[in-house]
Amino acid sequence: MDAYAAIIERQGGEFVLDNVSIEDPRDGEVLVKVAAAGMCHTDLTVRDQYYPTPLPAVLGHEGSGVVEKVGRGVTTVKPGDKVVLSFSYCGTCPSCLKGHQAYCPSLFPLNFMGRRLDGSTPITRNGQEVNACFFGQSSFATYSIASENNCVKVADDAQIELLGPLGCGIQTGAGSILNALCPEPGSSIAIFGVGSVGLSAVMAAKASGCLKIIAVDRNADRLELARELGATDVIDANTVNAQEAIVAMTGGGADYAMDTTAIPAVLRSAVDSTHNMGETAVVGGAKLGTEFSLDMNNMLFGRKLRGVVEGSSTPQVFIPQLIAMQEAGLFPFEKLCTFYDLDQINQAVEDTEKTGKAIKAILKM
């Protein structure tokens, strides 16, 4: 199958658009004609080799499209089905069998190795292998080989070009609230960093009935959007000590906090902005080996810190729930999205990473 793909060839480089060849699906695999793919911070951290996915590689892990062909043994989707592509997991380990697919022990090799577990790759360029299978999909291309496990079937009338970001970034933000922290109605939460993940958390916190939702960022436009989406208070970290402000406005500290920034000092502020018995979720993906410190005596007073991957989600359950919430007007994630053609991928990177014009860039194929 001939396809067109965006390829990262070297660390920190731009995406290069080129023609590639994609294999037919093997047992348990699905060939998807990609309609669109969201751009996630993780794509850029891999570009910079914070995670050691080998290059050259086709990235992209928030794909959506239509099933073109299925391999032997696939039963949950068929040609013609609309699907959202999410992360890959084994489906057979104790974590997966208990519904904790995001904590599958094979998560890293399945999603970041750039190869199938047998070492093969479904993509070649001019007869040379290109690393793929990124999050089990490599969806910065017109066609994608996915696994059955990371295909989520959606309705035939679904607005498929919009839905790809539900597979990772938006799922991560919303799921960290709805599946992991599970704040009680009337509770308070501080969300540090309101990019696409943080803003998704803001919307989910509002849907959960949080009474005080505090958004912290350095970007005034994003803080304004956070308020529109449900934040009751916003803090510009350029001018205000966020930790002190949160403790003051909540009468001693927030019930919950969430850090999306992957900056150790910000994570420390998030934890310290909660009251005794408060709980903080760390969501941002830092460079491998990054460490942080906390005051042990502060933690003794019942505070909790938990890591959250992919919103602690079972994609086949949670993504349809998010779509239903969006259709009901409770989760308007479309307000985060800016569309680009695949050929504009480097502009989308600049608008996302440098200028902040795009919160969630979606590449249309």
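- A salt bridge links Arg47 with Glu353: the distance from a Lys NZ or Arg NE/NH1/NH2 to an Asp or Glu carboxylate oxygen falls below 4.0 Å.
- A side-chain N or O of Asn298 and one of Asp272 form a donor-acceptor pair less than 3.5 Å apart.
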Item to check | Residue pair Glu310, Tyr89: steps toward the side chain to side chain donor-acceptor pair (under 3.5 Å) verdict | outcome: CA-CA 12 Å; Glu310 293 289 351; Tyr89 54 89; over 6 Å; no
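- We find that Arg303 and Asp295 are not joined by a salt bridge, their nearest charged nitrogen and carboxylate oxygen being 4.0 Å or further apart.
- Annotation for Gln159: atom CD does not count as buried by contact number, only 12 or fewer foreign heavy atoms lying within 6.0 Å.
- Side-chain contact check for Val154 versus Ile323: some heavy-atom pair is nearer than 4.5 Å.
- Contact check on Glu350 versus Lys357 returns no salt bridge, with no Lys/Arg side-chain nitrogen under 4.0 Å from an Asp/Glu carboxylate oxygen.
- Contact between Gln171 and Leu322 at its shortest, heavy atoms only, is CA-CD1, 4.1 Å.
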Next on the checklist: Using side chain to side chain donor-acceptor pair (under 3.5 Å), reason through Gln347 and Asp351 one step at a time and then give a plain yes or no.
Outcome noted: CA-CA 6 Å; Gln347 183 64 53; Asp351 290 352; 2.9 Å; yes
Next on the checklist: For a side chain to side chain donor-acceptor pair (under 3.5 Å) check, start with the C-alpha distance between Thr290 and Tyr50, then their side-chain angles and the critical distance, and finish with the verdict.
Outcome noted: CA-CA 10 Å; Thr290 300; Tyr50 283 14; over 6 Å; no
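- Evaluated for a side-chain hydrogen bond (donor to acceptor under 3.5 Å, both in side chains) with Lys212, the options Asp233, Asp255, Thr250 yield exactly one hit, Asp233.
- A donor-acceptor distance shorter than 3.5 angstrom exists from the side chain of Asn238 to the backbone of Arg218, with no hydrogens or angles considered.
- Side-chain contact check for Ser147 and Asn149: no donor-acceptor pair (N or O, by modelled atom type) lies under 3.5 Å.
- Taking a 6.0 Å sphere around CG of Asp27, one finds it holds more than 12 heavy atoms contributed by other residues, nucleotides or ligands.
- Side-chain contact between Glu129 and Ile123 is absent, with no heavy atoms from C-beta onward closer than 4.5 Å.
- A ring-centre distance under 6.0 Å is not found for Phe140 and Phe134.
- When atom types are taken as modelled, the side chain of Asp43 and the backbone of Cys40 share a donor-acceptor pair closer than 3.5 angstrom.
- Between the side chain of Ser208 and the main chain of Cys210, no donor-acceptor pair closer than 3.5 Å is present.
- Side-chain contact between Met113 and Leu117: present, with at least one pair of heavy atoms (C-beta onward) separated by less than 4.5 Å.
- Between Ser176 and Leu181, the closest side-chain pair of non-hydrogen atoms is not below 4.5 Å.
- For the pair Asn126/Val20, no side-chain contact is recorded, criterion being any heavy-atom separation below 4.5 Å from C-beta on.
- The heavy-atom pair separating Thr280 from Met258 by the smallest distance is CG2-N, 4.4 Å.
- With contacts defined as side-chain heavy-atom distances shorter than 4.5 Å, the pair Lys33/Met365 does not qualify.
- More than 12 non-hydrogen atoms from other residues, nucleotides or ligands lie less than 6.0 angstrom from CZ of Phe108.
- Between Arg125 and Glu9, at least one side-chain nitrogen of the basic residue sits less than 4.0 Å from a carboxylate oxygen of the acidic one, meeting the salt-bridge criterion.
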Next on the checklist: What verdict does the side chain to side chain donor-acceptor pair (under 3.5 Å) test give for Glu148 and Thr76, after you've listed the backbone C-alpha separation in whole Å, the side-chain angles of each residue and the deciding distance to 0.1 Å?
Outcome noted: CA-CA 7 Å; Glu148 181 178 19; Thr76 57; 2.7 Å; yes
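- Ring geometry for Phe333 versus Phe331: interplanar angle of 30 to 60°, hence tilted.
- Aromatic pair Phe135/Phe87: ring centres not closer than 6.0 Å.
- Residue Met277 qualifies as open at atom CE: its count of foreign heavy atoms under 6.0 Å is 12 or below.
- For the residue pair Gln137 and Ser139, a side-chain donor N or O sits within less than 3.5 Å of a side-chain acceptor on the partner.
- At a threshold of 4.5 Å between non-hydrogen side-chain atoms, the residues Pro332 and Met203 count as touching.
- Side-chain atoms of Tyr103 come within 3.5 Å of backbone N or O of Val309 as a donor-acceptor pair.
- Salt bridge Asp24/Lys69: present, at least one basic N to carboxylate O contact under 4.0 Å.
- Donor-acceptor pairing under 3.5 Å is recorded for the side chains of Asp343 and Tyr4.
- With a 4.5 Å cut-off on side-chain heavy atoms, Ile214 and Ile235 count as touching.
- Taken together through direct or relayed side-chain contacts under 4.5 Å among Ile, Leu, Val, Met, Phe, Trp and Tyr, Val282 and Val194 form parts of separate hydrophobic clusters.
- Remark: the backbone N or O of Ala102 is not paired with any side-chain donor or acceptor of Ser312 at under 3.5 angstrom.
- No side-chain donor-acceptor contact under 3.5 Å links Ser120 to the backbone of Arg116.
- Under a 4.0 Å N-O distance rule, the pair Glu228/Arg222 does not qualify as a salt bridge.
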